[in-house]
Amino acid sequence: QLQTIDLRFFNAQVGDSAAVAVGTSLQNLTQLRQITLSFTNTTVTDDGAVAIGTGLQNLKQLQTIDLSFWNTKVTSDGAVAIGNNLQALTQLQEVTLDFRGTAVTDEANETIREALKKPSAEVLVF
């Protein structure tokens, strides 16, 4: 079973349809322990971010996540939706969410940080 995924879109003509496809595919990868997803300098919006979050919520074995929407069209709504979906993942030990260059507010970042606060987890939100 696949345990690690590293998928990065950088300066690509990638938008919500690709993010939705990735999110849908993730739902079947229940044995994943580590995931890196990057949509840097793409046109992904909240719709794509929500689809990714939905795809992640059933990955109960996930321990490490590095998720970047750097310089995309994601707003606080999409970011908070991801944070809310990650709350159910009790095995998470390391969480890095990068929303630099987006319309995600500091307040939204703090909401995500608080939602994911666990004694055994290191949570970084940019």
Side-chain angles (χ1 to χ4, degrees):
Q1 245 337 4
L2 189 63
Q3 293 186 359
T4 301
I5 286 183
D6 187 334
L7 184 60
R8 300 170 197 231
F9 298 99
F10 182 76
N11 287 337
Q13 296 296 322
V14 172
D16 289 332
S17 59
V20 168
V22 170
T24 301
S25 297
L26 288 175
Q27 294 177 20
N28 300 318
L29 301 175
T30 57
Q31 298 302 311
L32 279 182
R33 296 186 188 281
Q34 180 176 351
I35 189 166
T36 299
L37 291 176
S38 177
F39 293 91
T40 302
N41 292 328
T42 65
T43 59
V44 173
T45 70
D46 288 338
D47 291 339
V50 168
I52 294 293
T54 300
L56 292 169
Q57 71 183 350
N58 294 321
L59 304 183
K60 304 298 185 196
Q61 303 301 315
L62 200 61
Q63 297 173 349
T64 303
I65 184 168
D66 185 347
L67 184 58
S68 176
F69 286 94
W70 191 15
N71 200 26
T72 63
K73 297 178 180 182
V74 174
T75 70
S76 295
D77 292 340
V80 170
I82 289 172
N84 288 339
N85 283 319
L86 294 180
Q87 283 183 42
L89 304 181
T90 59
Q91 299 299 313
L92 277 178
Q93 297 172 8
E94 284 184 47
V95 179
T96 304
L97 303 175
D98 188 346
F99 298 106
R100 289 178 288 177
T102 67
V104 176
T105 65
D106 290 341
E107 292 82 12
N109 284 338
E110 190 57 35
T111 298
I112 295 165
R113 231 180 253 109
E114 287 300 314
L116 296 177
K117 195 174 271 186
K118 298 176 175 131
S120 61
E122 178 182 352
V123 178
L124 301 173
V125 181
F126 302 99

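Every value quoted in this text rests on a predicted model; they were computed, and no experiment measured them. All values below were derived from every heavy atom in this structure, side-chain atoms included, with hydrogens, water molecules and symmetry-related copies excluded.
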Subject >> Same apolar cluster (I L V M F W Y, side chains within < 4.5 Å links), Trp70/Val14 >> reply: no
Subject >> Partners meeting side chain to side chain contact (heavy atoms under 4.5 Å, CB included) with Thr64 (sequence neighbours left out) >> reply: Gln34, Glu94
Original post:
Partners of Asn58 by side chain to side chain contact (heavy atoms under 4.5 Å, CB included), sequence neighbours excluded?
Top reply: none
**OP:** Starting at CD of Gln61, measure out to CG of Leu32 and round the result to the nearest 0.5 Å.
**Re:** 10.0 Å
Subject >> Distance, nearest 0.5 Å, that separates CD of Gln87 from CG of Asn84 >> reply: 5.0 Å
**OP:** State the CG-CZ distance between Leu37 and Phe69, to the nearest 0.5 angstrom.
**Re:** 7.5 Å
Original post:
Where do Gln27 and Gly55 come nearest, in terms of heavy atoms and distance?
Top reply: CG-CA, 3.7 Å
Original post:
So which pairs with a foot in residues 3-31 pass salt bridge (charged side-chain N to carboxylate O under 4.0 Å, His left out), sequence neighbours left out?
Top reply: Asp6-Arg8
**OP:** Return each pair, listed once, that meets salt bridge (charged side-chain N to carboxylate O under 4.0 Å, His left out) where at least one residue sits in residues 21-36; pairs must be two or more places apart or across chains.
**Re:** none
**OP:** Kindly give the heavy-atom pair with the smallest separation between Ile52 and Leu26, and that separation in Å.
**Re:** O-CD1, 4.5 Å
Subject >> Residues that Ala51 engages under side chain to side chain contact (heavy atoms under 4.5 Å, CB included), provided they are two or more places apart >> reply: Val20
**OP:** Determine which pairs satisfy ring pair (Phe, Tyr, Trp, His ring centres under 6.0 Å) with at least one residue from residues 41-64, sequence neighbours left out, and list them in order.
**Re:** none
**OP:** Grab the two heavy atoms, one from Gln57 and one from Leu89, that are nearest each other, plus how far apart they are.
**Re:** O-CD2, 3.4 Å
Subject >> Partner set under side-chain hydrogen bond (donor to acceptor under 3.5 Å, both in side chains) for Asp46, not counting sequence neighbours >> reply: Thr75
Original post:
Roughly how far apart are Leu62 CG and Leu92 CG, rounded to 0.5 Å?
Top reply: 5.0 Å
Subject >> Sub-4.5 Å side-chain heavy-atom contact between Ile35 and Leu29 >> reply: no
**OP:** Supply the atom-to-atom distance Thr43 OG1 to Lys73 NZ, rounded to the nearest 0.5 angstrom.
**Re:** 6.0 Å
Subject >> Partners passing side chain to side chain contact (heavy atoms under 4.5 Å, CB included) against Thr105 (at least two apart in sequence or in another chain) >> reply: Ser76, Glu107, Ala108
Original post:
Quick one: CG on Asn28 to CG on Leu2, what's the gap to the nearest 0.5 Å?
Top reply: 11.5 Å
Subject >> Verify same cluster id: Val44, Ile5 (apolar side-chain graph, 4.5 Å) >> reply: yes
Subject >> Linked, directly or transitively: Val50 and Leu56 (ILVMFWY side chains, under 4.5 Å) >> reply: no
Subject >> For Thr54, side-chain hydrogen bond (donor to acceptor under 3.5 Å, both in side chains) partners two or more places apart >> reply: none
**OP:** If a pair satisfies ring pair (Phe, Tyr, Trp, His ring centres under 6.0 Å) and one of its residues is in residues 6-33, list it, with sequence neighbours excluded.
**Re:** Phe9-Phe39
Original post:
What residues, two or more places apart in sequence or in another chain, satisfy side-chain hydrogen bond (donor to acceptor under 3.5 Å, both in side chains) together with Asn85?
Top reply: none
Original post:
Taking only residues two or more places apart in sequence, or in another chain, which ones meet Gln1 in a side-chain hydrogen bond (donor to acceptor under 3.5 Å, both in side chains)?
Top reply: none
